[in-house]
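Have a look at the structure below before the remarks.
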Amino acid sequence: MRTAAVIGASLAGLSTARALRQQGFDGRLVIVGDEPHRPYDRPPLSKEFLAGKSSDIGLRTPDDEALDFDWRLGARALSLNPHDRSIELSNGQTLRCDGVVIATGARARWLPGTEGVNGVHVLRTLDDAIRLRAELVPGVKLVVVGAGFIGAEVASTARYLGADVTVIEAEPLPLLRQLGPELGAVCAGLHGDHGVRLITNAQVKRILGANRVRSVELADGRQIPAEVVVVGIGAAPNFEWLAGSGLQLDNGVVTDAACATGLPEVVAVGDVAASYSVHLHDRHRAEHWTNALEQPVTAAATLLGDPRPHLSAPYFWSDQYGVRIQFTGHRREGDTVRVIEGDTDRRSFLAVYERGDVLVGVLGMNQPKLFSRWRRQLARPVLAP
Amino acid sequence: MIEVCRVGDLPPGEAVRVDTVDPPIAVFRTEDGDFYAVDDTCTHQDASLADGWLEGCTVECPLHASCFDLRTGQPSGPPATKPIRTYPVVVEDGVIRVAYSEVAC
C-alpha cells in the first residue's frame with residue numbers, strides 16, 4: 001500500500017491517520033475533510049464551548065506535524081470507484097489510492113421543513129455552535145426538540161447562560177431506550193431541578209413564524225413560544241457518496257468487528273460505520289466519542305493486514321447541569337437495573353444493568369471514581385445471550 | 001508545605017484530592033507504597049485524576065482514559081497531550097505533606 005486516503009477529518013479520521021503512522025505505514029497519507037476547519041473536538045460544542053468558557057477545541061498537536069499528512073480541507077468526497085479505489089472530490093481533484101478509510105461521520109437530522117428557518121438550529125459542527133452561541137442571550141426563549149444527550153446538554157448550557165428553556169420529547173421519558181424508565185426518570189428530574197420545563201409524549205407538528213421562528217406547535221395543538229429552537233433528534237450517517245461503490249450500506253457503512261468492509265483495502269470507522277459489535281452481538285453504529293478515538297487503532301491494523309476485532313465496551317458520558325453521567329455497556333429491553341451505591345434523589349449514585357445475573361451495563365451519576373472501577377468489569381465482552 | 005493526611009488514611013492503591021489549593025492536587029499511594037503528588041485536573045478536559053484508575057505508577061483519567069506517568073507527569077496514553085505538574089512528597093512522623101508551589105516543579 002503506497003497511498004492511503006482518510007475521508008473525514010474529525011476525531012475518527014485523524015485518529016486513524018495517526019494509528020496508521022504509529023503502526024508503521026510510511027506511504028502517502030491524504031486526509032480529506034469537508035469542513036474548512038482543522039480537526040476539532042465535538043463534545044465541548046454543547047458544553048464549555050457553547051457556554052463561552054473554552055474555545056480551545058483543536059485536535060491537532062505538534063506531534064502531528066512529524067506524521068506528514070497531506071491535508072485536503074474544505075473538500076467533500078463525491079464518489080468511490082471500487083475498481084481502482086479512486087475518489088472524486090468536490091474541488092475537482094481525483095485521489096488515486098491503494099487504501100481507503102471511510103470516516104465521513106454523521107450529520108444532524110432536521111425536523112422536516114425547518115431547515116433554513118431563522119432561529120432554528122441543529123448542533124453538530126463548529127459553525128453550528130458559533131451560530132447558536134450568538135443567540136443564547138439571557139432571557140431568550142429557547143425550545144429544544146429532543147431530550148437526548150445533545151438536547152439535554154444544550155438545555156443545560158442555555159440555562160447556565162440565562163435562557164428560558166423548554167425541552168420537548170416524543171417519548172414518555174428522556175433517554176428511555178438507552179437508560180430505561182427508572183434512570184430515564186432521573187434524567188428527566190435533572191431538567192426540573194434546574195428550572196427547565198420538560199414536555200414529554202409530545203410530537204412537534206410544525207414551527208410557526210414568518211421570517212423567524214415564533215413558536216413550536218405540537219401535535220395536540222399546544223403552541224410553545226420560541227425565539228430560538230434547537231433540533232436535537234439524532235444524526236444520520238454521511239454515506240450517500242458511497243452509493244454505487246458496491247459497499248453494503250445499511251444505517252451506515254457495514255463492517256465486521258475489525259472495521260473491514262466488503263471491499264478489500266477499504267475500512268470504515270467512527271459514526272459512519274455500522275460495525276459488528278462483540279458486546280452487542282449485533283451490528284451497531286456507535287456515535288460516541290470514545291469509539292471514534294479507539295476504533296481507529298483496529299481500522300488501521302486491518303488496513304495494514306492485521307485484522308483483529310475491536311473489543312472495547314461502548315462508553316459515553318454527558319455533562320448536564322453540573323452532573324456528570326457516565327455509561328458503559330449496553331442496555332436492552334428487559335434488562336433489570338438496580339442502584340448499588342448512592343441515591344438517585346441526590347443525583348449521585350451508581351447503578352448496574354443486568355441480564356439475568358450477567359452484568360451488561362453500568363451507569364454512574366457524579367460517581368467517577370466508583371464508575372472507573374466498575375467500568376473495568378465490562379472491559380471484556382459478555383457471553384452471548 | 002501542605003499537610004495532606006496521615007499515612008494510615010491513604011491505603012495503597014488509593015488517592016486523595018487536595019482542594020485547599022488552586023488548582024487542586026492529587027496525592028497517590030501506589031501498591032508498592034510510593035507516594036506521588038500531581039495536578040488533580042486532567043489536561044485534556046475537566047476531570048479529577050484522584051477519581052481515576054491507578055495501575056503501577058500510571059493513573060488513568062476517569063472521563064476519557066488519558067494516562068499519565070505519576071513520576072514525570074507526562075501523558076502516556078491519549079487523548080491528553082499535555083503533561084500534569086508533579087510535586088515533591090515528604091512523609092515524616094506518619095504524615096504526608098506536599099511541597100506545593102504555584103510554579104511547576
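Letters go in sequence order (proteins before strands), and every chain restarts at 1. None of the values given here were measured: they were computed from a predicted structure. Atoms considered below: every heavy atom in the structure, side chains included; atoms not considered: hydrogens, waters and symmetry mates.
Around the OH atom of A:Y160, the shell of radius 6.0 Å holds no more than 12 heavy atoms that belong to other residues, nucleotides or ligands. Within a 6.0 Å radius of CD in B:Q74, other residues, nucleotides and ligands contribute more than 12 heavy atoms. Enclosure of atom CZ in A:R38 is not indicated, since only 12 or fewer non-hydrogen atoms of other residues, nucleotides or ligands lie within 6.0 angstrom. Shown here is A:D26, whose CG atom has no more than 12 heavy atoms of other residues, nucleotides or ligands within 6.0 Å.
One distance of note links CG of A:D41 with CD of B:Q45; it measures 5.5 Å at 0.5 Å rounding. The CG atom of B:D51 sits 8.0 Å away from atom CZ of A:R373, with the distance rounded to the nearest 0.5 Å. Atom OH in A:Y315 sits 4.5 Å away from atom CG in B:L63 (nearest 0.5 Å).
Using a 4.5 Å cut-off between heavy atoms, B:A50 contacts chain A through its backbone alone, with no side-chain atom that close. Interface remark: A:D56 contributes side-chain atoms only to the contact with chain B (heavy atom separation under 4.5 Å).
In terms of heavy-atom proximity, B:G52 sits nearest to A:S372 at CA-OG, 4.4 Å.
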Intermediate values then yes/no, salt bridge (charged side-chain N to carboxylate O under 4.0 Å, His left out), B:E60 and A:R376: CA-CA 12 Å; B:E60 184 188 287; A:R376 302 192 110 66; 3.4 Å; yes
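Most heavy-atom pairs under 4.5 Å with chain B: of the set A:Q326, A:K369, A:R324, this distinction falls to A:K369. Looking only at heavy-atom pairs under 4.5 Å with chain B, the residue among A:S15, A:S54, A:P368 that has the most is A:P368.
Ring geometry, A:W317 versus B:H64: the interplanar angle exceeds 60°, so the pair is classed perpendicular (tilted spans 30 to 60°).
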